[in-house]
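Note sheet for the following structure.
Chain letters run A, B, ... following the sequence lines, proteins first and then strands; every chain starts at 1. On a predicted model such as this, the values are computed, not experimentally measured, just so you know.
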2 protein chains.
Amino acid sequence: MGRWEPDSRGRLETAALALFGERGFENTTVVEIAARAGLTERTFFRYFADKREVLFGGAGALRELLVGTVDGAPENADPLDVVVAAFEAAAAMLQERREFALRRQAVIAANTELREREVIKLALLAAAVADALRRRGVSETAASLIADTGIAIFSAAFAAWINETEHREFPLLIRESFDELRAVTAGATRP
Amino acid sequence: MGRWEPDSRGRLETAALALFGERGFENTTVVEIAARAGLTERTFFRYFADKREVLFGGAGALRELLVGTVDGAPENADPLDVVVAAFEAAAAMLQERREFALRRQAVIAANTELREREVIKLALLAAAVADALRRRGVSETAASLIADTGIAIFSAAFAAWINETEHREFPLLIRESFDELRAVTAGATRP
DNA sequence: TAGAGTGATGACAGCAACTGACATCAACCG
DNA sequence: CGGTTGATGTCAGTTGCTGTCATCACTCTA
C-alpha cells in the first residue's frame, strides 16, 4: 500500500468535473479542486499545466487513435476516406462514455475559456492527422485541407450526437456529415 | 485638443506589438505595454478583456466583411461558392496590410497562448459565416460544414501566403486551395 | 539490515494577470 | 456659471501559476 492514495491525477479530474458542474468553472478555485481530491494546489499544477487542462486529459488518447488509424490504413486508400474512417473510430470510442462526454460538454459549453481550449485541442488533432497524411505522401496543402475537413465533419456530427433528442449512433452521424459535405462540394462551381 | 493624447486603443496595440516583437509575449507585462503607450495597466484592461486580445482587434472588421459578403451574394448562388468568394474578399483586405500581418503572425506563431486565441477567432468567424448561411436557408449541418470548410481553405491559403518565398496573390491562393479541396473530395468514396 | 537514494507530495514565498471601488478633472452642456 | 460626463488614474485585493526547498514512505544495494 502506497504512501498516498493512488491515482492523484484521476482524483483531480473527478473533483474538478464535479465542482465545475456544481458552481461553474470560474467560481471554482484550484485550491478547492485540490482540497476535494485530498491534495494541494501545487500538486494540481504538477499534473496539469493550467486549470483548464484538467478537463482535456482524454485528448491524447484520441490523438493516438486517430493517428494510429491513419497510419494503419492500406497504402493506396483515398486520403479523405482514411481520415473519415479514423474519425468514425474516434466516435465509437467516445460513444462508450456518453454520460461522461455529456457532463463534460455541458461544463465546457458554459465557459468561453474552456471552449477556447477545446477548439485548440481540435486544431492539435487536425495537425496530428495532417502529419500522418504527409507521412503517407499527401502534399502539404492537401494534408491540411483534408485534416481540417475531417475535423469539420467530426464537429458537425458531434454537435448532432450531443443535441439530438433521438440518440443515434455517433459513427453513423460521422458518415452522414461526410455525405453531406460531398453533396455540398459537388454542387459548387464546376470548371 | 483633448485632455489626453488621442487613440489610446491604437497606442496600446502598437506598443504591444512592438514589445512582443522585441522580447516576446511572455516576457512583456501589461504594465510595460501601458507605460510605453503613456497609460496605466488599468486602462489597458478597459480596452482589452485580456492581454492577448490586444493583438486581435481586427477580427471584428474581418467578420463584418465576411458576413457582409455572404449576406450580399445573389440569392440562388451556391453556398460554398459564396463562402469562398467571401474569403477571397477577406484575403484581399489582409493583403493590403501585408507587413503588419507578417509581424503580427510572427508574434502569434511564437506563443502557444496566442495561437490558441487565433484558433478561437477563426472558430468565431466560422460561426458567424455559418449563421449568415442559415439566414440564406442553408440547413443547420450544411451551414457548419461549409463555414468550416471555408476556414480550412482560408487557413491553408494563409499559410502559403505567409511562408512561400515567391509572393503570390492571397486571393489567388484561396482559389487554388478551393480547387485542391474539390479535387480531394471528388476522389473519395463514390456511392 | 543499515544506509543511501527516489519520487510523489507539501509548505511557502512571490510574480503577474485581472477586477472592483472610488477619485480626478478637462470638456461639454444647459 | 454650475452640474454632468467620460476617460483615465489610484489602490487594494484575488487567483492562477512558478521556483525552491523540505519531507518521508518506499526501494534498492552493499
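In this structure, A:Lys51 places its NZ atom 13 Å from C1' of C:dC18, rounding to the nearest Å. As rounded to whole Å, 16 Å separates atom C1' of D:dC17 from atom CG of B:Asp50. Spacing between atom CD of B:Glu26 and atom C1' of D:dT18 amounts to 12 Å, rounded to whole angstrom units. Spacing between atom CD of B:Glu32 and atom C1' of C:dC15 amounts to 12 Å, rounded to whole angstrom units. If you take CZ of A:Phe44 and P of D:dG19, they are 17 Å apart, rounded to a whole angstrom. Computed from coordinates, the B:Ile33 CD1 to C:dA16 C1' distance equals 12 Å when rounded to whole Å. Protein atom CG of B:Asp7 is 13 Å distant from nucleotide atom P of D:dA7, rounded to whole Å. One atom, CG of B:Leu19, and another, P of C:dA17, lie 12 Å apart when rounded to the nearest Å.
With respect to the salt-bridge test (charged N to carboxylate O, under 4.0 angstrom), the residues A:Lys51 and A:Glu26 do not qualify. At a threshold of 4.0 Å, the pair B:Arg136-B:Glu75 does not count as salt-bridged, since none of the basic side-chain nitrogens sits closer than that to a carboxylate oxygen.
The main-chain N or O of A:Ala109 is found under 3.5 Å from a side-chain atom of A:Arg115 such that the two form a donor-acceptor pair.
Distances shorter than 4.0 Å separate some side-chain N or O of B:Thr43 from OP1 or OP2 on D:dG9.
Side-chain N/O atoms of A:Thr43 and A:Arg9 include no donor and acceptor closer than 3.5 Å. With 3.5 Å as the limit, one finds no donor-acceptor pair spanning the side chains of B:Glu176 and A:Thr141.
Residue A:Arg42 places a side-chain atom within donor-acceptor reach of the base of D:dG19, judged by atom type and a 3.5 Å distance cut-off alone. Donor-acceptor pairing under 3.5 Å, judged by distance alone, is present between the side chain of B:Arg46 and the base of D:dG9.
For A:Thr40, whose side chain is taken as the heavy atoms from C-beta onward, the closest listed nucleotide among C:dC18, C:dA11, D:dC17 is C:dA11.
Scored by the salt bridge (charged side-chain N to carboxylate O under 4.0 Å, His left out) test, A:Glu22 finds A:Arg36 as partners (sequence neighbours excluded).
Side-chain atoms of A:Phe56 and A:Ile108, non-hydrogen and from C-beta on, do get closer than 4.5 Å to each other.
Nearest-nucleotide assignment on DNA chain D puts the 5′-proximal partner with B:Gly38, out of B:Gly38 and A:Glu41.
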Pairwise N/O distances under 3.5 Å, protein to nucleotides 5-8 of chain C:
| residue | atom | partner | partner atom | Å |
| --- | --- | --- | --- | --- |
| C:dG7 | N2 | A:Arg3 | NH1 | 3.1 |

